[in-house]
Amino acid sequence: MSKPFFITTAIDYTNGAPHIGHAYEKVLADVIARFERQKGEKVFFLTGVDQHGQKVQQSAEKAGVSPQEYVDGVTAKFRALWEKLGVRCDAWAATTDALHKECVRANLRMLWDDKVPGTDRSRWIYKKTQRGFYSVRQEQFLTDKERGPDGEFGPEWQPVEEREEENFYFRLTAHPDLGFDPKQWLLDLIDRRSEELKPFVLPVFRVAELRNAVEKLEGDLCISRPAARLQWGIPFPESFGEGFVTYVWFDALVNYITFAPGHDPHYSERSSTEKSPGLYFSDYWPALHVIGKDIMIPAHGVYWPIMLKALGFSDEEMPTLLVHGWWNIRGKGGESEKMSKSLGNVVDPDVLADKYGAAAVRYYLMSDIATGRDADFSEERLVQRYNVDLANGLGNLVNRTLNMTRKYREGRPHPMEVLDGDFAQHLDSNSEEMLHFVTDMDQAQIQKGLEQMISVVNRANALVDSSAPWKLAKDPEQSDRLDAVLGTLIQSAQLAATMLLSVTPEAAAEILRQLNLPPVVLSDKRPVTFTLPPDYCCGEPKPVFPRIELPAPETN
RNA sequence: GCCAGGGUAGCUCAGCGGUAGAGCAGGGGACUCAUAAGCCCUUGGUCGGGAGUUCGAUUCUCCCCUCUGGCACCA
């Protein structure tokens, strides 16, 4: 039995409604999780929301509700969307969860109590006073970056005052108290993982980008905010003294531990705790973190591994990052632009799902982008890909296959004892494509995997025309050949539905129901022999992917 | 300025040493089991520009232009 598969997504900030980028990441992780399950792996899929921070606090004030009420409302929107899109997680991470607060504080305590021998100083965390210019309006310290061309701070920052503030810092760079250099350790880790062909970051072209960032790393990470400035967060443990709230990363990133299977924050020994039968933290850890390219540097690629290192995780317990790209929006002039509220081009996945259905949205998001790259979002292409690949392609194949099987054989094609060369070759190609499919999916290349599915469908549709079952049915001497054609088509449809199972689970399952067959068992063996169950009888056809009819474009 | 990833048919992209491929869109044809779907054939490209290495470059090297990220710097 291989190691259980633990997959997470970034947790979304509950400051506004979900957009297509949020949906893409969750569907991607969901598809990978479902695929692993399909292979027979034990899977734990974690997703959730990041609910703390200044912006939430402000949005809540604006809305005239408490921060908790505010995030509960936004969180509900996310959960409803995942429900609608068929994103099924095993655990839901919410940073306002009592369990999480406990875990964050336990981690901070652990680091605070990790003292330099013979002293009272923590090896990892220290307190420092920062003095500088502070924008009251933006509630942040300003750096020279924020100065205008005249060297002054612009009106958007005013009023600006000089202020000093005490905060806690987490070491990222070498220090005598540490006894080693985290930066060098991380560089070595990245290199070693690449050498072992288990890259720390996927796709591999991101590795260099991260390495670069690590090499330039300087300064430590501020992990607190004075409670006077930020109320909506997790208070530091008492041993740190009064008046500090956890600042973003030691809160948000920790969710991966809090909600990991088998984790119990009340025990300090993570590796041996058991929350519910069969769930051991050490069995599942480390995770595959599915994240967007915007939070690879520095959060997930730099802070997180060093945090884990500080918390006592071994090098073997460092996670892998799967970094995906962005969906850009095509501007009116055809140019590609970033999605942003100010441009008014935000795509609402909720509306999209209502309009076209979850299957169409999921299929589009998985098939029209290469994992890791950016893509241009287009509703037109969504409709096109759905109609061409699913409705006209697979859907129609299933429909015509079942119709012919019922019409010519009352749903019971005779078993094929011997397949002649053509059909054996056809099924062998199917098997070949299944192998490619598994390989592609294993590498999170969902788009490529779906291309294999399309190939299977296309070849089957071509077989219908080249063999013309309607002619075979009129000739008693061709009876065996007709059975072979129908059998080959049924098996092809079964395989295509199997390949679609993780992307559009319900529709694929419906196809298999109509075929009255189970999914093909995914393996690296070739199922070249085709046999239907002894008393096989196919079900009734009913279009699974009805065509999306768009109003004709205005021509004048 | 530095690092990385792009710039290939109308569109989306693949290829990455032997003078170009797929899908969609466009055009033509034969068929009828089917969701007026499907099948077959087909028109499209001086592979961003320039130089070099090579018998030969879209594919390697260098320079330039341009787009996208990231980092830095000036102000």
Side-chain angles (χ1 to χ4, degrees), chain A residues 143-154 201 203-218 292-299 301-302 323-328 330-331 334-338 364 367-370 372-378 380-409 440 445 447-448 450-455 457-474 482 485-486 489 493 507 511 514 541-549 553:
Chain A
T143 66
D144 288 343
K145 266 190 203 171
E146 274 81 43
R147 291 179 192 274
D150 55 355
E152 299 297 318
F153 294 112
V201 183
V204 283
F205 74 79
R206 296 269 178 213
V207 173
E209 197 173 327
L210 174 61
R211 211 183 178 289
N212 223 318
V214 175
E215 269 179 343
K216 287 179 183 164
L217 178 63
E218 51 185 61
K293 62 181 186 178
D294 54 326
I295 52 174
M296 175 177 82
I297 298 170
V302 183
V323 182
H324 66 250
W326 286 351
W327 285 95
N328 297 313
R330 319 206 85 214
E335 74 283 7
S336 171
E337 52 189 28
K338 229 180 278 184
Y364 174 70
S367 65
D368 217 36
I369 189 169
R373 303 292 177 102
D374 290 356
D376 287 328
F377 180 88
S378 150
E380 236 169 85
R381 271 189 75 77
L382 184 155
V383 172
Q384 187 183 75
R385 294 218 58 149
Y386 172 90
N387 278 344
V388 171
D389 297 348
L390 299 182
N392 301 349
L394 176 58
N396 188 45
L397 171 68
V398 171
N399 201 247
R400 69 203 303 210
T401 297
L402 293 182
N403 265 298
M404 289 189 287
T405 304
R406 291 171 69 85
K407 187 178 276 186
Y408 306 138
R409 285 289 184 268
D440 293 337
Q445 299 286 339
Q447 184 190 38
K448 285 190 180 176
L450 288 172
E451 277 168 23
Q452 303 302 326
M453 186 275 293
I454 292 169
S455 295
V457 169
N458 287 347
R459 191 148 16 73
N461 271 323
L463 175 65
V464 176
D465 284 80
S466 64
S467 63
W470 48 93
K471 285 180 185 162
L472 301 179
K474 289 172 189 161
L482 177 60
V485 170
L486 294 176
L489 293 177
I511 290 173
Q514 292 182 17
K542 182 167 177 278
V544 177
F545 298 112
R547 274 179 68 83
I548 297 170
E549 301 294 349

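Throughout, a chain's letter reflects where its sequence line sits, starting with A, and its residues are numbered from 1. Every heavy atom of this structure was used, including side-chain atoms; hydrogens, water molecules and symmetry mates were not.
Distance CZ/A:R459 to CG/A:L397: 11.5 Å, rounded to 0.5 Å. Atom CG of A:N387 is separated from atom CG of A:L382 by 9.5 Å, given to the nearest 0.5 angstrom. For the atom pair OH (A:Y408) and CG (A:L486), the distance works out to 8.5 Å, reported to the nearest 0.5 Å.
In this structure, A:I369 atom CD1 and B:G6 atom P are separated by 15 Å, rounded to whole Å. One atom, CD1 of A:I297, and another, C1' of B:A72, lie 13 Å apart when rounded to the nearest Å. With rounding to whole Å, A:W326 atom CH2 is found 18 Å from B:C67 atom P. One atom, CD1 of A:I454, and another, P of B:C13, lie 15 Å apart when rounded to the nearest Å. Atom CG in A:D368 sits roughly 8 Å away from atom P in B:C13 (whole-Å rounding). Regarding A:K407, its NZ atom lies at a distance of 12 Å from the P atom of B:U32, rounded to whole Å. Per the geometry, CG belonging to A:N461 stands 14 Å off P belonging to B:A34, to the nearest Å. In this structure, CG of A:L450 is placed 17 Å from P of B:C13, rounded to the nearest angstrom.
The base-pairing partner of B:G69, taking Watson-Crick or G-U wobble contacts with both distances under 3.5 Å, is B:C3. For B:G21, the paired nucleotide is B:C13, the pair qualifying as Watson-Crick or G-U wobble because both relevant distances are below 3.5 Å. Applying the Watson-Crick and G-U wobble criteria (two distances, each under 3.5 Å), B:G44 pairs with nothing in any strand. The partner of B:A37 cannot be assigned: no Watson-Crick or G-U wobble pair with both contacts below 3.5 Å exists in any strand.
Here the side chains of A:M404 and A:V464 are in contact, with some heavy-atom distance below 4.5 Å. Under the 4.5 Å side-chain criterion, counting only non-hydrogen atoms from C-beta, A:I454 is not in contact with A:L394.
Going from the C1' atom of B:A9 to that of B:C47 covers 10 Å, rounded to whole Å. Across the P atoms, B:C2 and B:C63 are found 10 Å apart, a figure rounded to whole Å. Distance check on atom C1': B:A75 versus B:C13 gives 42 Å, rounded to whole Å. With both ends at atom C1', the span from B:C55 to B:G5 equals 33 Å, rounded to whole Å. Comparing B:G23 with B:C60, their P atoms sit 26 Å apart, to the nearest whole Å. For the C1' atom pair drawn from B:A51 and B:C65, the interatomic distance equals 15 Å after rounding to whole Å. Taking atom C1' on both B:G21 and B:G38, the two are 24 Å apart, rounded to the nearest angstrom. Taking atom P on both B:U42 and B:A22, the two are 10 Å apart, rounded to the nearest angstrom.
Residue A:F545 is classed as a base contact, given a heavy-atom separation below 4.0 Å to a base. Within 4.0 Å (heavy atoms only), A:V398 reaches no atom of the nucleic acid at all. Among the heavy atoms of the strands lying under 4.0 Å from A:A462 are primed sugar atoms or P, OP1, OP2 only; no base atom is included.
Looking at A:D465, its side chain comes within 3.5 Å of the base of B:G38 through a donor and an acceptor atom. Between the side chain of A:N396 and the base of B:A34, a donor-acceptor pair under 3.5 Å is found.
Looking at the side chain of A:R381, the nearest of the listed nucleotides B:C33, B:U12, B:G38 is B:U12.
For A:R547, a side-chain nitrogen or oxygen approaches OP1 or OP2 of B:A37 to under 4.0 Å. For A:K471, no side-chain nitrogen or oxygen approaches OP1 or OP2 of B:U32 to under 4.0 Å.
Place A:K293 and A:P546 on RNA chain B by their nearest nucleotides, and A:P546 ends up nearer the 5' end. Closest-nucleotide positions on RNA chain B for A:Q384 and A:G393 were compared, and the one nearer the 5' end corresponds to A:Q384.
With a glycosidic angle no further than 90° from 0, B:G44 counts as syn.
Note on ring orientation: taking the six-membered ring where Trp is involved, the planes of A:Y364 and A:W327 are tilted (angle from 30° to 60°).
Atom NZ of A:K448 has 12 or fewer neighbouring heavy atoms from other residues, nucleotides or ligands inside a 6.0 Å radius.
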